[in-house]
Amino acid sequence: MPGRARPLPRAFYRRETTHVARELLNKVLRMPDGRAGRIVEVEAYCAGVDPAAHTYRGQTARNATMFGEPGHMYVYFTYGMHWCANAVAWHGVPGAGVLIRALEPLRGLPAMYEARGGVSERLLCSGPARLTQALGITGAQDGADLVRGDGPRILDDGTPPPLHPVSTPRVGIRVGTDRLWRWYVPANPHVSAARVQSVQE
DNA sequence: GTTTCGATTGTG
DNA sequence: ACAATCGAAACC
């Protein structure tokens, strides 16, 4: 990691979700035990107008963190087995955040391999549920303060976001596919391979 | 109360 | 192409 990693200010997350998403590229997600990875792929889930967002139909027990303070982590459970992590980020209308979809592993790789069970480095953190498994993130960290907490933090190590991030539709959703709210670092090998979804009539 | 389905992944 | 696997959301 070039430079010394420093926390992002709370105000960083109090901006438009799509803007925060792009700015989160190349930031560092670091766990208390030292496991860390560079964020290379994100998706924005916006408030009010976004039918793909968990918060689209209002606040529930599951998504309550998204309606809380920006800069905290929203962790949800899906497909009966997977955890996914978001950075809460919104301005004005609450209930929005940024899904972290892939990391480039930086530190603590042995612990990541142990948690993931013998996969290649390219597959270690290249997917929203792969990276939570590699870092040990579960629902226990839902609501964690990414700015000031003792748990997971998002840090700036001086690496700027890419000047021209690649923009695509989001992965794994059936509504809101017209919005190009997925971004990734161009040519980074740790970006997840978005599968082609078969559409049945 | 009951049913459906998911911001996914690994395997065949 | 399909199963795994379970809680939240949706529906009645």
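Reminder, nothing fancy here: chain letters follow the sequence lines and each chain counts from 1.
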- Item | Whole-Å P distance, dA7(B) and dC11(C) | 15 Å

- Item | Partners meeting side-chain contact (heavy atoms from CB on, under 4.5 Å) with Tyr113(A) (sequence neighbours left out) | Leu109(A), Glu121(A), Leu124(A)

- Message: Would Arg15(A) pass as a cation-pi partner of Phe12(A), given that its NZ or CZ must be under 6.0 Å from the six-membered ring centre and within 45 degrees of the axis?
- Response: yes

- Query: Do the side chains of Leu29(A) and Ile154(A) get nearer than 4.5 Å, heavy atoms only?
  - Reply: yes

Write down the protein N/O and nucleotide N/O pairs, taken from nucleotides 2-5 of chain C, whose separation is under 3.5 Å; answer none if there are no such pairs.
{"residue": "dT5(C)", "atom": "O2", "partner": "Tyr79(A)", "partner atom": "O", "Å": "2.4"}

- Taking the side chain as every heavy atom from C-beta outward, state whether Val98(A) and Glu23(A) have any pair of such atoms under 4.5 Å apart. no

- Start and end of chain A contact along DNA chain B [non-hydrogen atoms, under 4.0 Å]: dG6(B) to dG10(B)

- Test: Asp50(A) and Arg170(A) ion pair at under 4.0 Å: yes

- Item | Proximity to DNA chain C (any heavy atom under 4.0 Å), residues of residues 47-54 of chain A only | none

- Message: Can you see whether Asn63(A) engages Thr55(A) through a side-chain donor-acceptor pair at a distance of less than 3.5 angstrom?
- Response: no

- Quote, to the nearest angstrom, the C1' distance that separates dC5(B) from dC2(C). 16 Å

- Query: Reckon Thr60(A) has a side-chain N or O less than 4.0 Å from the OP1 or OP2 of dA9(C)?
  - Reply: yes

- Query: Should Asp145(A) and Arg10(A) count as side-chain neighbours, where that means a heavy-atom distance under 4.5 Å?
  - Reply: yes

- Item | 4.5 Å side-chain heavy-atom contact, Val166(A) and Trp183(A) | no

- Donor-acceptor contact below 3.5 Å, side chain Thr17(A) vs main chain Ala44(A): no

- Atom pair distance, as rounded to whole Å: CG in Asn63(A) and P in dA8(C): 11 Å

- Query: In terms of hydrophobic clusters joined by side-chain contacts under 4.5 Å, are Leu131(A) and Tyr45(A) together?
  - Reply: no

- Check whether Tyr184(A) and Ile39(A) end up in the same hydrophobic cluster, where Ile, Leu, Val, Met, Phe, Trp and Tyr are linked by side-chain heavy atoms less than 4.5 Å apart. yes

- Treat each ILVMFWY residue as a node, draw an edge where side-chain heavy atoms are under 4.5 Å apart, and state whether Ile100(A) and Trp181(A) are in one component. yes

- Message: Donor-acceptor pair, distance only, cut-off 3.5 Å: does the side chain of Ser126(A) make one with the backbone of Ala102(A)?
- Response: no

Under 3.5 Å, N/O pairs linking protein and nucleotides 10-12 of chain C:
{"residue": "dA10(C)", "atom": "OP1", "partner": "Arg57(A)", "partner atom": "NE", "Å": "2.9"}
{"residue": "dA10(C)", "atom": "OP1", "partner": "Arg57(A)", "partner atom": "NH1", "Å": "3.0"}

- Query: With a non-hydrogen cut-off below 4.0 angstrom, is Arg182(A) in contact with a base, only sugar-phosphate, or nothing?
  - Reply: nothing

- Task: Grab the stems for DNA chain B, please: at least three consecutive Watson-Crick or wobble pairs, both distances below 3.5 Å, written as range with range.
- Result: B:1-6 with C:6-11, B:8-11 with C:1-4

- Could you tell me whether the side chain of Asp157(A) reaches within less than 4.5 Å of the side chain of Arg38(A), counting heavy atoms only? yes

- Message: When you measure from the side chain of Glu43(A) to the backbone of Arg101(A), do you find a donor-acceptor pair of N or O atoms at a distance under 3.5 Å?
- Response: no

